[in-house]
Protein chains: 2
Amino acid sequence: MAETADRILQAADELFSLRGYAAVSARDIAERAGVNKALIFYYFESKEALFRRVLDQYYEGHVKALELPTEGSYRERLHTLIDHYLDFIEDNYRYLQLVQREIIEGSSRLPYIQQNVMTLYSRVRDLLGDLVPASGALDARQFFVSFSGLINTFYVNAPVLGELWAGQQMDAAQRLARREHLHWIVNTLLDRLESGK
Amino acid sequence: MAETADRILQAADELFSLRGYAAVSARDIAERAGVNKALIFYYFESKEALFRRVLDQYYEGHVKALELPTEGSYRERLHTLIDHYLDFIEDNYRYLQLVQREIIEGSSRLPYIQQNVMTLYSRVRDLLGDLVPASGALDARQFFVSFSGLINTFYVNAPVLGELWAGQQMDAAQRLARREHLHWIVNTLLDRLESGK
DNA sequence: GTCTATATCTCGATAGAC
DNA sequence: GTCTATCGAGATATAGAC
């Protein structure tokens with residue numbers, strides 16, 4: 001039944017995101033999914049294949065989120081790109097943790113991640129255009145790293161940041177405040193870059 | 001001999017940082033350290049205890065790096081704090097990966113990490129003082145998260161960012177450029193906050 | 001302190017009854 | 001499709017000779 005495969009996939013998604021690939025056993029996944037352990041290897045050929053399926057599900061959505069908006073000024077388009085990326089992250093909050101873990105562990109799928117990073121970077125670089133120098137401390141690469149860090153850090157580190165908001169859950173209001181903060185920073189940086197031209 | 005324990009500790013540090021706790025076996029550590037596997041359990045009571053020792057090695061330096069500078073204006077002190085933190089990260093590159101991994105994995109040592117985070121936050125909050133509102137999208141918490149993300153992202157994601165710099169090693173010149181970029185951003189944000197007062 | 005050898009466990013994966 | 005039973009490999013940890 002397709003339902004069984006789905007339950008395995010979802011349980012695997014949750015556990016891999018929580019504890020990583022190596023720390024999760026087939027038995028763990030079977031127990032959480034409420035199915036027999038052997039069924040994991042019946043529906044998916046191996047634990048490795050199951051993990052790749054979990055990742056593939058996210059990458060599809062990720063690629064869509066990276067589509068470049070065509071309307072408006074470069075500044076409006078940059079804000080739209082950031083909003084689309086934030087939408088995706090908030091709908092798939094486990095994805096960021098999975099990717100972050102793969103990066104730290106030096107996973108074999110790192111080239112795939114790099115490809116996504118380069119795609120996103122080229123869009124930010126095109127948007128910034130000749131507003132920034134071609135190299136040095138204010139080049140497009142630096143700003144791309146900065147934007148990524150500004151956005152991702154909030155979600156990746158949510159488990160420890162909870163204390164900052166005094167035990168409050170990371171609710172919709174907080175995500176909205178973060179979004180507003182990010183747009184304020186981007187505008188402030190763009191203003192300065194434009195005035196410096 | 002103390003030398004043997006040190007070699008085990010260093011090998012464990014390197015491997016845990018690279019691949020994570022679960023993906024590293026006692027045999028891996030013994031091979032890298034060039035010692036007999038049984039000696040790991042002679043010098044450290046368990047693999048878990050060895051991991052804790054690795055983390056504790058960094059604790060002292062981390063706390064020192066968080067010491068608040070006393071000289072200069074609030075702006076100078078903020079820049080100094082950032083530089084001290086960057087110095088620590090560059091000297092203990094693996095520590096950030098270990099901590100980031102602990103956060104993502106929801107480790108049992110999370111409260112210890114939160115304590116360090118809160119210490120650093122309270123210093124940033126004191127430095128920003130009444131330059132920022134007490135709550136909302138521009139409060140001290142948001143800026144603390146932003147500063148952390150801006151700094152950490154470069155080092156945590158170094159494995160995939162290499163491609164951005166066209167395969168160049170992350171050398172001293174790149175770290176310096178990043179540092180300059182960070183100070184530029186901080187100054188730009190502070191200028192805007194001051195003009196808005 | 002350092003070694004070999006091994007006990008005991010859990011892992012991913014498979015065989016085969018139903 | 002789902003189950004039980006089990007394989008071989010590799011894990012942590014220990015025993016005991018030297």
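Reminder, nothing fancy here: chain letters follow the sequence lines and each chain counts from 1.
- Under the rule for a ring-ring contact (aromatic ring centres under 6.0 Å, His included), the partners of B/Phe143 that lie at least two apart in sequence or sit in another chain are A/His181, A/Trp184.
- The side-chain hydrogen bond (donor to acceptor under 3.5 Å, both in side chains) pairs that include a residue from residues 28-40 of chain B are B/Glu14-B/Arg32, B/Arg19-B/Asp28, B/Ser25-B/Asp28, where partners are two or more places apart or lie in different chains.
- The interatomic distance linking A/Leu39 (CG) with C/dA15 (C1') rounds to 14 Å, in whole Å.
- Of all the residues in residues 8-20 of chain B, not one reaches under 4.0 Å from DNA chain C with any non-hydrogen atom.
- When the ring-ring contact (aromatic ring centres under 6.0 Å, His included) test is applied to B/Tyr121, the partners found at least two apart in sequence or on another chain are B/Phe144.
- For A/Asn36, taking side-chain heavy atoms from C-beta onward, the closest of the listed nucleotides C/dC3, D/dT2, D/dT4 is D/dT4.
- Residues meeting the ring-ring contact (aromatic ring centres under 6.0 Å, His included) test with B/Tyr59, sequence neighbours left out: B/Tyr112.
- For the salt bridge (Lys or Arg N to Asp or Glu O under 4.0 Å) condition, the pairs that include at least one residue of residues 59-75 of chain A, sequence neighbours left out, are A/Arg75-A/Asp191, A/Arg75-A/Glu194.
- Checking B/Arg178 against A/Ser146 by side-chain atom types alone, a donor-acceptor pair falls below 3.5 Å.
- Defined by atom type and a distance below 3.5 Å, a donor-acceptor pair is missing between the side-chain atoms of A/Asn92 and A/His62.
- Under the side chain to side chain contact (heavy atoms under 4.5 Å, CB included) criterion, A/Glu76 pairs with A/Ser73, not counting sequence neighbours.
- Within the structure, the salt bridge (Lys or Arg N to Asp or Glu O under 4.0 Å) test picks out no pair touching residues 120-129 of chain A (sequence neighbours left out).
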Q. Once each nucleotide of nucleotides 11-16 of chain D is scored for protein heavy atoms under 4.0 Å, what B/S/- sequence comes out, 5' to 3'?
A. SBBB--
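- Between B/Tyr95 and B/Asp13, the side chains place no donor N or O within less than 3.5 Å of an acceptor N or O (distance only, hydrogens not considered).
- The stretch residues 50-58 of chain A has no heavy atom under 4.0 Å from DNA chain D, so no residue of it qualifies as close.
- Here B/His84 pairs with nothing under the ring-ring contact (aromatic ring centres under 6.0 Å, His included) rule; sequence neighbours left out.
- Between its two ends, the helix from C/dG1-D/dC18 to C/dC18-D/dG1 turns its axis by 10°, counting five pairs per end and rounding to 10 degrees.
- Residues B/Ile113 and B/Glu102 form a side-chain contact, since some pair of their non-hydrogen atoms from C-beta on lies under 4.5 Å apart.
- Between A/Thr4 and D/dG1 there is no side-chain N or O to OP1 or OP2 distance below 4.0 Å.
- We find that CZ of A/Phe44 is positioned 13 Å from P of D/dG1, with the value rounded to whole Å.
- Proximity of the aromatic rings of B/Tyr155 and B/Tyr93 is defined here by a centroid distance below 6.0 angstrom, and this criterion is not met.
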